[in-house]
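The block underneath contains the structure these notes are about, expressed in structure tokens.
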Amino acid sequence: MGQKKVYVIFGGTGGIGSAAARKLSDRGAQVVLAARNPERLRSLAAELGASSFEVDATDIAAVDEVVKETTNQFGTVDGIINCVGSIVLKAAHQTSEEEWRSTLATNLDSAFAVVRSGAKAMRKSGGSIVLMSSAAAQVGLPSHEAIAAAKAGIIGLGRSAAATYASKGIRVNIIAPGLVDTPLAAGITGNPLMLKTSAAMHPLGRIGRPGEVADVIAWLVCGESEWVTGQVIGIDGGLSSVRAKGTA
């Protein structure tokens, strides 16, 4: 049996991050969890037999340290996934400066930190980096200005990095989900009217499940997608590319 693949998941205790961690662990990979919530981190790490780091992924030096420690412990890093994110549903004139800067830091700074550290760690052996954008970065949705800007930045970052590091065997891809049923989205999913409205916006008539996104993450970091890089993959029930019935 070959050496286990090693995957680091930032935001590993969130809805999508934890689903990806379980999916990769089930495939026999060594999962390394990095997140801010110590209780959830300890619980999930114990469940999966995973290594873990309590870290703020907007701290570039701290992300570097996680990747370095992982490499020292296991000898390699085969893939890094950034599931850190936030949801801000406010029009520009209602968004404070603090909310704007926090949204950029949480989403775009963490993605840059992951690309930077992953590129340094995998330049000799190659590997896969997966970033999380949003359907809101590709289709104009009302009251999404801050989060759409941050998530659009992630698409630009990921595609540029894919071009920069392709010759090193590092693949960089971006997933752009619609609304997914996670704790982060509880403010929407916990409101029956908002949930019904959100589901209707997606042509397939419902919001997503964390496992559906995790399936694509697993495919992108594992061997089946070795000829895929620089792609933005919409896991969004058709939101970004198909009109819902009755909206034409």
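No experiment lies behind these values; they were computed from the predicted model shown.
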Let me check something: do Val77 and Tyr165 share a hydrophobic cluster, defined by ILVMFWY side-chain heavy atoms less than 4.5 Å apart, either directly or through other members? yes
Show me the side-chain donor-acceptor pairs of residues 78-93 shorter than 3.5 Å, one per line, residues at least two apart or across chains.
unit_1: Asp78; atom_1: OD2; unit_2: Val6; atom_2: N; d: 2.8
unit_1: Asn82; atom_1: OD1; unit_2: Val84; atom_2: N; d: 3.4
unit_1: Asn82; atom_1: ND2; unit_2: Ser110; atom_2: OG; d: 3.1
unit_1: Ser86; atom_1: OG; unit_2: Asn107; atom_2: ND2; d: 2.9
unit_1: Lys90; atom_1: NZ; unit_2: Glu99; atom_2: OE1; d: 3.3
unit_1: Lys90; atom_1: NZ; unit_2: Glu99; atom_2: OE2; d: 2.5

Of all the heavy-atom pairs spanning Gly15 and Pro210, show the shortest one and how long it is. O-CB, 3.5 Å
Taking all non-hydrogen atoms of both residues, which atom of Val242 and which atom of Pro203 are closest, and how far apart? O-CG, 3.0 Å
Distance-only, no hydrogens or angles: does the Lys4 side chain make a donor-acceptor pair with backbone N or O of Val31 under 3.5 Å? no
With sequence neighbours left out, what residues match Arg209 under side chain to side chain contact (heavy atoms under 4.5 Å, CB included)? Arg206, Glu212
Could you state the interatomic distance from OG1 (Thr70) to CZ (Phe74), rounded to the nearest 0.5 Å? 7.0 Å
Within-4.5 Å side-chain heavy-atom neighbours: Ile154 and Lys151: yes
How long is the gap from OG on Ser134 to NE2 on His144, to the nearest 0.5 Å? 6.5 Å
Atom CD1 in Ile174, atom CD in Gln138: separation rounded to 0.5 Å? 9.0 Å
Under 3.5 Å, is there a donor-acceptor pair between the side chain of Tyr7 and the main chain of Leu24? no
Same hydrophobic cluster for Ile217 and Leu131, using side-chain heavy-atom links shorter than 4.5 Å among ILVMFWY? no
Nearest 0.5 Å, what's the CZ-OG distance between Arg27 and Ser25? 12.0 Å
Which atom pairs, donor and acceptor, lie under 3.5 Å between side-chain atoms of residues 166-173 and protein residues at least two apart or in another chain?
unit_1: Arg171; atom_1: NH1; unit_2: Leu220; atom_2: O; d: 3.3
unit_1: Arg171; atom_1: NH1; unit_2: Ser225; atom_2: O; d: 2.8
unit_1: Arg171; atom_1: NH1; unit_2: Ser225; atom_2: OG; d: 3.3
unit_1: Arg171; atom_1: NH1; unit_2: Val228; atom_2: O; d: 3.0
unit_1: Arg171; atom_1: NH2; unit_2: Leu220; atom_2: O; d: 2.8
unit_1: Arg171; atom_1: NH2; unit_2: Ser225; atom_2: OG; d: 3.4
unit_1: Asn173; atom_1: OD1; unit_2: Gly230; atom_2: N; d: 3.3
unit_1: Asn173; atom_1: OD1; unit_2: Gln231; atom_2: N; d: 3.0
unit_1: Asn173; atom_1: ND2; unit_2: Val228; atom_2: O; d: 3.0

Side-chain contact test, heavy atoms from C-beta onward, threshold under 4.5 Å: evaluate it for Cys222 versus Lys5 and give yes or no. no
Verify same cluster id: Val8, Leu48 (apolar side-chain graph, 4.5 Å): no
Identify each donor-acceptor pair in which a side-chain atom of residues 232-239 lies under 3.5 Å from a protein atom, sequence neighbours left out, and give them as a table.
unit_1: Asp236; atom_1: OD1; unit_2: Gly238; atom_2: N; d: 2.9
unit_1: Asp236; atom_1: OD1; unit_2: Leu239; atom_2: N; d: 3.4
unit_1: Asp236; atom_1: OD2; unit_2: Ser240; atom_2: N; d: 3.1
unit_1: Asp236; atom_1: OD2; unit_2: Ser240; atom_2: OG; d: 2.6

Can a side-chain donor-acceptor contact be found between Thr58 and Asp109 if the only test is distance below 3.5 angstrom? no
Can you list, by chain and residue number, the hydrophobic cluster partners of Leu204 when the side-chain cut-off is 4.5 Å? none
Do other residues, nucleotides or ligands put more than 12 heavy atoms under 6.0 Å from Glu97 CD? no
Would you say the side-chain atoms of His202 pair up with the backbone N or O of Leu179, donor to acceptor, closer than 3.5 Å? yes
If every non-hydrogen atom of Ala214 is compared with every non-hydrogen atom of Lys23, which pair is closest and at what distance? O-CG, 4.2 Å
I need the minimum non-hydrogen distance between Ala137 and Ala152, along with the two atoms involved. CB-N, 3.5 Å
Going through the checks in order, is the side chain to side chain contact (heavy atoms under 4.5 Å, CB included) test met by Val63 and Arg116? CA-CA 9 Å; Val63 170; Arg116 180 178 181 273; over 6 Å; no
Ser160 side-chain N/O to Gly156 backbone N/O, donor-acceptor pair under 3.5 Å: no
Surrounding CZ of Arg101 (heavy atoms of other residues, nucleotides or ligands, distance under 6.0 Å), is the total greater than 12? no
Taking the side chain as C-beta and beyond, is there a heavy-atom pair between Phe53 and Leu33 under 4.5 Å? no
Connected via hydrophobic side-chain network under 4.5 Å: Leu44 and Val32: no
Grab the two heavy atoms, one from Val55 and one from Ala62, that are nearest each other, plus how far apart they are. CG2-CB, 3.5 Å
For the residue pair Ala19 and Gly211, what are the closest heavy atoms and their distance? CB-N, 4.2 Å
Between atom CD of Glu98 and atom OG1 of Thr103, what is the distance when rounded to the nearest 0.5 Å? 10.0 Å
Drop me the distance from Asn191's CG to Lys196's NZ, to the nearest 0.5 angstrom. 12.5 Å
Is there side-chain contact between Val67 and Lys120, with at least one heavy-atom pair below 4.5 Å? no
With sequence neighbours left out, which residue pairs that include part of residues 29-48 fulfil the side-chain hydrogen bond (donor to acceptor under 3.5 Å, both in side chains) condition? Arg22-Glu47
List the steps, then state whether side chain to side chain contact (heavy atoms under 4.5 Å, CB included) holds for Ser18 with Thr13. CA-CA 5 Å; Ser18 61; Thr13 60; 5.7 Å; no
Same apolar cluster (I L V M F W Y, side chains within < 4.5 Å links), Val213/Val221: yes
Could you tell me whether the side chain of Glu145 reaches within less than 4.5 Å of the side chain of Thr95, counting heavy atoms only? no
